[in-house]
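Beneath this line is the structure, given in structure tokens, with notes to follow.
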Protein chains: 2
Amino acid sequence: MTGASSHTDHSQSRFQQIVDALRHPIVDGTLPEKAALPSERTVAEQHGVSRMTARRALEALETEGLAYSEGRRGRFVSPRRVRYNISEMVSFVADAQTAGRELEIVLIEAVTIPADAVLSRILAVAEGDALYAYQRLFRTGGHALFVETEYVSANRFPGLLQCDLGQSTTQLIERDFGTVAATGDISIRMRAMSDDEAHLMGLAPNRAGLELEQVIRDSAGAPFCLGRQIWRGELAEFTARAMVNARALDDQPHRSGKNRDPVPED
Amino acid sequence: MTGASSHTDHSQSRFQQIVDALRHPIVDGTLPEKAALPSERTVAEQHGVSRMTARRALEALETEGLAYSEGRRGRFVSPRRVRYNISEMVSFVADAQTAGRELEIVLIEAVTIPADAVLSRILAVAEGDALYAYQRLFRTGGHALFVETEYVSANRFPGLLQCDLGQSTTQLIERDFGTVAATGDISIRMRAMSDDEAHLMGLAPNRAGLELEQVIRDSAGAPFCLGRQIWRGELAEFTARAMVNARALDDQPHRSGKNRDPVPED
DNA sequence: TGGATTGTCTGGTATATACCAGAAGAGAGC
DNA sequence: GCTCTCTTCTGGTATATACCAGACAATCCA
């Protein structure tokens, strides 16, 4: 705009300058986790730009993972990332608890459905067989972490839905049904959250997240649980250990949920 | 859950309607990979909306992973995801080649630098020791996949930078220096690409991608290579295998590159 | 032929304005 | 103490307009 602004004019775009200005108090800790960021209108006024420009700057902070937006309540400083070691076949719940992290599980829905083509293949059941499907929201420290949807065979674990699903299901299944989780085939990808998922986590829609899909197998190698988690991308950090002799994953492709992928690999 | 793909009908936002309209030809294969999508102005005119609305719709397709934007050339249909098994300690290069995928490696920069506090700790060398640092761009099928930056001890692998860095460095190091990669500590997170990274991949800035950080250790367990890859999020799919008895990762925190994370875990 | 120029695509940035809808707090009335 | 409404905050959507800069092809000129 009108040339002579004489403030830190490194020919950066205005919006980039604002991003930098907003970033500082977050990075140096002046603004603590979950502190409210200035509103779009406030930023616009303070920096003398239009609201759309202020908005873009705040959105840039979101894609950097420094901030998140909670519906129409405002934007806030992101909490620290949660580290999750996917190589160990302990459930995330148990993992978190041993790390002293309080974890809250909210059951959203639990239903019985017939297995479709995809699910029946992954879980090695006949198409049409009854499956339990339940969706749960995981929160820690008062904020949403991820939404998980799990599918298990109803015939193999009868009455599972009557149990308290506010706990680790791998532990639950081990205790009540004697099936122990031995290995898991994991798949991680970035994708957009659906409106439903974003809403469950109290977030604005059309944001990207990290999907972690896991097929859990018993000691005989038979799959008995499919779980799909969609994590808030700015909060997740997955760690793993690789080894030369692993020869781990059979590379039969298992389709991802709603992501397009019409042709099989190779 | 189940079907229930929410409101197909009642007064979606204009922009959501446009997203749906644009999505169809991509999902059903009418538009092949890398085909050009209509421009912002075209979409705006065809749907009778302002350009900003058309823009938002096209950007939504990007965050869904269905499209990508290449600088000021236009937007295009995303290629299929590339699957990478992180549990096996084979280099991605070798992995890709055995899968019959042509992989092109472009050396961007190769320098010698002194180890700073972070690098010296991760690589178990003294602070100030000489490190080789090189950045490479990985492409497949004519499009960028990820940008990698690797750090290795210059004392341990003298003259490495004189070798042809257009190949797998783990294979190179094994052949020329007799050091074999035995295990790797891996860390995956979502983060925004830097302007440089986006530019190297020919992408518009301020997009999120997947960072894969790997500390490679020799058979004695000593770390000898740190690699950080930033993947195009819509193209990456990481697979892994988990096992009960893994007890894999020592959970000493290793700091991520530029992501804020001021306090150590616990 | 070969190199420079021009015009026209593209997205990127920025303006200003308007109305909608959810969230939240202040009070009013019970 | 308790609802209930009203006002004001927030972001979400949408308009219309303008200029900038990179990409690119066609054209012009030496």
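Quick note on labels: first sequence line is chain A, next is B, and so on, each numbered from 1.
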Distance check needed: C:dT13 C1' versus A:Q17 CD, whole Å only.
12 Å

Tell me the closest heavy-atom pair linking A:L165 and A:A110, and the distance in Å.
CD1-CB, 4.2 Å

How many whole angstroms separate atom CD of A:E70 from atom C1' of D:dC9?
15 Å

Give a yes or no on whether a salt bridge exists between B:R189 and A:E234, defined as a side-chain N under 4.0 angstrom from a carboxylate O.
no

Atom CG of B:L61 and atom P of C:dG11 are separated, to the nearest Å, by 13 Å

Ring-face cation of B:R83 near B:F238 (centre distance under 6.0 Å, axis angle within 45°):
no

Could you state the CZ-P distance from A:R14 to D:dC19, rounded to the nearest angstrom?
18 Å

Can you check the B:R56 CZ to D:dT15 C1' distance for me, whole Å?
13 Å

5' precedence on DNA chain C between B:T42 and A:Q16 (nearest-nucleotide basis)
B:T42

Separation between CE (A:M193) and CG (A:D195), nearest 0.5 Å, reads 11.5 Å

Using a distance-only criterion (donor-acceptor N/O pair, under 3.5 Å, no hydrogens), is the base of D:dG11 paired with the side chain of A:R75?
no

Round to a whole Å and report the spacing from CD1 of A:I18 to P of C:dT13.
12 Å

Ion pair present between B:E59 and B:R56, side-chain N to carboxylate O less than 4.0 angstrom?
no

Stretch residues 47-55 of chain B: residues that reach within less than 4.0 Å of DNA chain C through a heavy atom
B:R51, B:M52, B:R55

Picking from D:dA14, D:dG11, C:dG11, which would you name as closest to the side chain of B:E40?
C:dG11

Whole-Å gap separating P (C:dA23) and NE2 (A:H199)
7 Å

Parallel, tilted or perpendicular: which one describes the rings of B:F138 and B:F146, with boundaries at 30° and 60°?
parallel

Pair A:R228 + A:E211: basic N to acidic O under 4.0 Å:
no

Taking CD from A:E59 and P from C:dT13, how many angstroms apart are they, rounded to a whole number?
12 Å

For the pair B:Y84 and B:W231, name the ring-plane relationship: parallel under 30°, tilted 30 to 60°, perpendicular over 60°.
parallel

Is it true that, when you exclude B:H143 itself, more than 12 heavy atoms of the residues, nucleotides or ligands shown sit nearer than 6.0 Å to its NE2?
yes

Check nucleotides 22-24 of chain D against the protein and report each pair of N or O atoms closer than 3.5 Å, with its distance, or say if there are none.
from: D:dC24; atom 1: OP1; to: B:R73; atom 2: NH1; distance (Å): 2.9

N/O (side chain, B:R41) to phosphate O (OP1/OP2, C:dC9) under 4.0 Å
no

Main-chain N/O of B:L235 paired to B:R81 side chain as donor or acceptor, under 3.5 Å:
no

Taken to the nearest 0.5 Å, the spacing of B:T63 OG1 from A:R207 CZ works out to 8.0 Å

With a cut-off of 6.0 Å (strictly less than), are more than 12 heavy atoms of other residues, nucleotides or ligands near CD of B:E104?
yes

Please write out each protein N/O paired with an N/O of nucleotides 4-8 of chain D under 3.5 Å, distance rounded to 0.1 Å.
none

